[in-house]
Amino acid sequence: MTAVPDDPKPPPRPPAPLADRYDPRQAEDTWYGVWEERGYFRADPFSKGKPYCIVIPPPNVTGSLHIGHALNNTLQDILVRWKRMEGFNVLWQPGMDHAGIATQVVVERQLAAEGTTRQALGREAFVQRVWKWKEESGGTIIRQLKRLGASCDWERERFTMDPGLSAAVREVFVRLWEEGLIYQGEYIVNWCLRCQTVLSDLEVEYEERAAELYYIRYGPLSLATVRPETKLGDTALAVNPKDRRYAKYVGKELEIPSVDGTIRMKVVADAAVDPKFGTGVIKVTPAHDPTDFEIGRRHGLEVRQVIGFDGKMNQRAGKYAGLDRFEARQRIVEDMTGLGLIEKVEPYQHRVGTCYRCKTVVEPLVSKQWYVRMKPLAERAAKAVRDGRTRIVPRTWLKTYYWWLDNIRDWCISRQLWWGHRLPVWYCDAEGSIHVSREDLAECPSCHGPLRRDEDVLDTWFSSGLWPFSTLGWPRDTPELKTFYPTSCLVTGFDILFFWVARMMMMGLHFMGEVPFRDVYIHALVRDAEGQKMSKSKGNVVDPLEVMERYGTDALRFTLAALAAQGRDIRLSNERIEGYRNFANKLWNAARFVLSNLEGYRPALARKAPAPLAERWIRSRLVRTVGAARKSLAAYRFNDAAGVIYQFLWHEFCDWYLEWSKLTLYRGDDPAARARTQAALVEVLETTLRLLHPFMPFITEEVWQRFPKGRGAPASIMIARFPRVRRRDLDPAAEAAMAPIMAVVSAVRNLRSELQIPPSRTLTAIVRPPAGTVAATFLETAAAVAALTRAEIQVDPAATRPPHSLLAIADGCEVYVPMEGLVDVEAERGRLSRELRRVEEDLGRTEAKLAREDFRQRAPAEVVAREEAKGVEQRALRAKLREGLERLDALAGR
RNA sequence: AGGGACGUAGCUCAGUGGGAGAGCGCCUGUCUGACGCACAGGAGGUCGGCGGUUCGAAACCGCCCGUCCCUACCA
């Protein structure tokens, strides 16, 4: 049990009888408030119980709940509610991310709509404006998570920019600097012109775009490029060192007539050049292309920047100065065409980098930025997974994880934004020194002169990378850290495996000396019914709030869990949700049935009757279901867990046991047997409710409150005990005994349906069980079988097949249904004959004749074997023919 | 270019060595005292193709065809 004391207050409403229909909204509003108020979500680091902790992937502060959040948080809530019911000391740590660039883009758009800019506002006012926006809209997603039923400890809500987490960020930066793992350097970076900031490699998304490949004459050589405008920044030509065609030019300086007069250009040999692409010659523009930058470094080439940070050609571009980069391309191509320098133009599919937030085409530019040295951190993160200290589920993601860590490049952490953690870096211009400090500095520590603070802020993932320990109080030494770190499980989508998961691994190992989580469960993406990625621009987003409104939160949660098969994306459709809404309805009505049949219920009396077979069966099935569900949950197989519970409740409990119980409840005259049945119904359904609670928290609570419970029972299903399995509760004998009985019931129903005998009409069925115990169970259950089949059942181990009867074989039992009085024999013969004639036509005259001979002359087993040898279609027709002939024989009394 | 997945009933998908399954849809019947958001019955599948391993393959291996995703500095 959790440490939470049961609330002495009575439940908010007297347990009135269940309404005709389940009203999700009402139950949701009622119970979430009760749970929260009673402190069931609250975690206590000093509480007893094995700790179980999940940190929420912090949603963006300006975000609102989309279907991906719904899936992610439903799965976390299932785990957390389950563990809580198991008696773990559970913390689900909530919070939000300031989401630097994303949030800044949103607020900038607002400003644009007001006709102003952040520059006009100034840094301080702008940041204030973002805070204000955060206060206004920041709580939206939290309210929506509550609507989803998320049982986070809201009193511990954290924000990546609150004072505690800011202290953690500052501490980490300073330590990494002191350890030499943070450095400043001038490299080529991805520059977003709109956001006016550098982006990390991960923040660049590539898109296929139609482009043109220009073949340009370069003196004696020619080369291909898609970016002629960068030509003005060329400082060399390069060829592959093994390319014999151009060997004679390597090391030479060529005179090249061009749009800006004749220029001199050296030819270098570099392995990065692919001799098979284009002409095998490239122009080297170190300032505007990552590959060229590398080549430039290797050969000591000048970095000649011709495009500015505003995306316009700069002074060095001569007559093109001031033009936008794409305008400049046009103009240069025109000019070169005029000079006869363009040899040809080919259409070309080009991958172009864009900003992951605003989709602007990224410009590679050289700039001074801050980096974290990743190699040493990455090695430990990979090793921790190789050693099994953190388990990644499903394992298909392992390769991806290793690949990235093994090929990692240094992480550019500075951003030219205003919203975020400002770098704790100060420059003393007088002595040219750099100071990194935990406390804000007012003057230079060495010369006491004035300081200038670095303008940049940190990449937003820098702070979220600390999330598993910063939220628990680090760098202070807190009881929360002691109890809950390493956390138990991280539940997240694969899209942030590198952005976030890998970085948490690195940071956690480095600063805590231990992995941040034992398990990482990576779930799929939710797509629309057509398998398309949901996006606002496509207009195919499913709004979880609308779904909850229409079908109820529990239906949405169960749907997501039931579809969360490992390694595959989820296609969400209304039909699917409707099906699980119906499941909730089924549960509701089963509960209504049980509760409305509790008249005179006395559990003590129940013990005076022996357990009948059906009860032993359903109890054993329940235990198996509990076992399977537990096993699936432990393996993060949410779909399997949901599936077995669904199957059990609907198709075993409702379809069989509940129907079976009606005989005792409605027609029985034995009070002890009646009490026994009532107890079984109550206990089995009550257990199922607890099993189902993590998936469907609201309806299970609403129903559970109405169930009769013993003294000292918990006040809420939330803190009730999750069902467990004891081996001795299994009853394989009962399950085995029920199998032939259920098979006979189905067989009789089947015959009735085939003979088109209305359900209202009683028929007779003679059951001939195989010798042994089965006969006894049939005698014991004959009344129930009769009720379920609406047939008069005669059980006779020595019965022979009567004339004019149909035969069915069900799990070793023979079932005979005499047709006399049920069927107009002549009419039925006519009908069958006509049907068989059609089958024979389909089969073909010759084949039909052969088939008839087979049936007459061969043993049944041989006939079936001969059918097997035929094609699919023939086989089916022959089987149809055979069955028809058999039935005709039966009608004829043979 | 490299890596990863997926192809099973009309649709969406479970199912990792011995019974081909679920939900929805479809057909037939049912005013059965929990539920028509239901009940009962049924039709429908050479498990993408070919080859191999195995006593036995939807599953394991190889190749091919088709779809998708991720990663990467071919200008």
Side-chain angles (χ1 to χ4, degrees), chain A residues 18 20-22 188 201-202 206 211 213-214 223-227 230 238 272-285 289-295 348 350-351 353 364 394 396-400 403-404 407 494-495 497-498 525 527 529-531 533 551 555 559 562-563 565-597 637 639-640 643 646-647 650-651 654-655 658-659 662 665-666 745-754 756-760 787-790 871-873 875-876:
Chain A
L18 292 178
D20 288 353
R21 279 205 171 206
Y22 173 53
I188 193 149
D201 294 332
L202 285 177
Y206 290 89
L213 187 59
Y214 302 92
L223 56 80
T225 181
V226 289
R227 300 201 60 190
T230 63
V273 182
D274 178 359
K276 288 193 277 297
F277 186 89
T279 62
V281 181
I282 66 164
K283 59 194 211 51
V284 185
T285 322
D289 184 276
T291 309
D292 294 8
F293 182 81
E294 296 296 325
I295 296 174
Y348 185 64
H350 187 48
R351 274 171 57 90
T396 40
W397 291 106
L398 278 178
K399 266 199 168 177
T400 315
W403 190 93
W404 191 71
N407 294 280
F494 60 79
D495 48 334
L497 182 61
F498 305 141
L525 226 60
R527 296 170 182 276
E530 275 70 52
K533 208 166 171 173
Y551 299 106
T559 305
L563 294 181
Q566 287 183 1
R568 202 194 285 243
D569 286 349
I570 293 176
R571 292 199 191 193
L572 195 63
S573 66
N574 277 342
E575 290 76 24
R576 205 71 197 233
I577 302 166
E578 218 167 89
Y580 292 115
R581 186 270 320 265
N582 296 352
F583 176 60
N585 184 249
K586 192 74 181 172
L587 168 62
W588 183 258
N589 279 293
R592 282 182 61 208
F593 171 81
V594 171
L595 293 174
S596 61
N597 279 292
R637 302 185 66 93
N639 59 321
D640 287 345
Y646 178 97
Q647 181 67 26
W650 196 317
H651 296 303
C654 288
D655 287 353
L658 202 146
E659 292 302 324
K662 286 177 181 173
L665 293 177
Y666 293 160
V745 169
S746 295
V748 175
R749 285 168 169 173
N750 181 349
L751 289 176
R752 175 195 289 281
S753 175
E754 277 185 35
Q756 301 183 338
I757 300 161
S760 50
L788 292 175
T789 54
R790 299 182 151 252
V872 189
E873 215 163 300
R875 203 187 307 165

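What you see below is based on every heavy atom in this structure, not just the backbone, and it leaves out hydrogens, waters and symmetry mates. Predicted model only: the values in this text are computed from it and were never measured. In what follows, chains carry the letters A, B, and so on, assigned in the order in which the sequence lines appear, proteins first and then strands, with residues in each chain numbered from 1.
Separating the C1' atom of B/C65 from that of B/G23 is a span of 30 Å, rounded to the nearest Å. Across B/C64 and B/G18, the matching P atoms stand 29 Å from one another, rounded to whole Å. To the nearest whole angstrom, the two C1' atoms, one in B/A9 and one in B/G45, are 5 Å apart. Taking the P atom of each, B/G66 and B/G29 are spaced 46 Å apart, rounded to whole Å. The separation of B/G41 from B/C47, taken at their C1' atoms, amounts to 26 Å, rounded to a whole angstrom. Spacing of C1' atoms, B/A14 relative to B/C24, comes out at 14 Å, to the nearest Å. With both ends at atom P, the span from B/G36 to B/C31 equals 15 Å, rounded to whole Å. Using P as the reference atom, B/A58 and B/C50 are 12 Å apart when rounded to the nearest Å.
Between A/Trp397 and B/G3 there is no side-chain polar atom (N or O) within less than 4.0 angstrom of OP1 or OP2. Distances shown here put every side-chain N or O of A/His651 at or beyond 4.0 Å from the OP1 or OP2 atom of B/A40. Put simply, A/Lys399 has no side-chain N or O that comes within less than 4.0 Å of OP1 or OP2 on B/G3.
Residue contacts for A/Tyr348: at a heavy-atom cut-off of 4.0 Å it reaches the sugar-phosphate backbone alone, with no base atom in range. A/Trp404 comes within contact range of no nucleotide atom at all, as no heavy-atom separation falls under 4.0 Å. Using a 4.0 Å heavy-atom criterion, one finds that A/Arg576 contacts the bases of the nucleic acid, with or without backbone contacts as well. Within 4.0 Å (heavy atoms only), A/Tyr646 reaches sugar-phosphate atoms of the nucleic acid but no base atom. Using a 4.0 Å heavy-atom criterion, one finds that A/Glu659 contacts the bases of the nucleic acid, with or without backbone contacts as well. Among the protein residues, A/Arg790 comes within range of the sugar-phosphate backbone only, with heavy atoms under 4.0 Å from sugar or phosphate atoms but none that close to a base.
If you look at A/Tyr646 and A/Tyr580, their ring centroids are closer than 6.0 Å.
Between the side chain of A/Arg576 and the main chain of A/Thr559, no donor-acceptor pair closer than 3.5 Å is present.
With RNA chain B read from its 5' end, the first of the two nearest nucleotides for A/Asn639 and A/Leu658 is the one closest to A/Asn639. Position along RNA chain B of the nearest nucleotide to A/Glu754 versus A/Asn597 favours A/Asn597 as the more 5'-ward residue.
B/A5 and B/U67 make up a base pair, with Watson-Crick or G-U wobble contacts both under 3.5 Å. Pair assignment for B/G25 gives none, since no Watson-Crick or G-U wobble pairing has each distance under 3.5 Å.
As rounded to whole Å, 12 Å separates atom C1' of B/C39 from atom CG of A/Leu788.
In this structure, A/Asn582 CG and A/Ile577 CD1 are separated by 12.0 Å, a value rounded to the nearest 0.5 Å.
Of all nucleotides listed (B/A14, B/A75, B/C24), B/C24 comes nearest to the side chain of A/Glu575.
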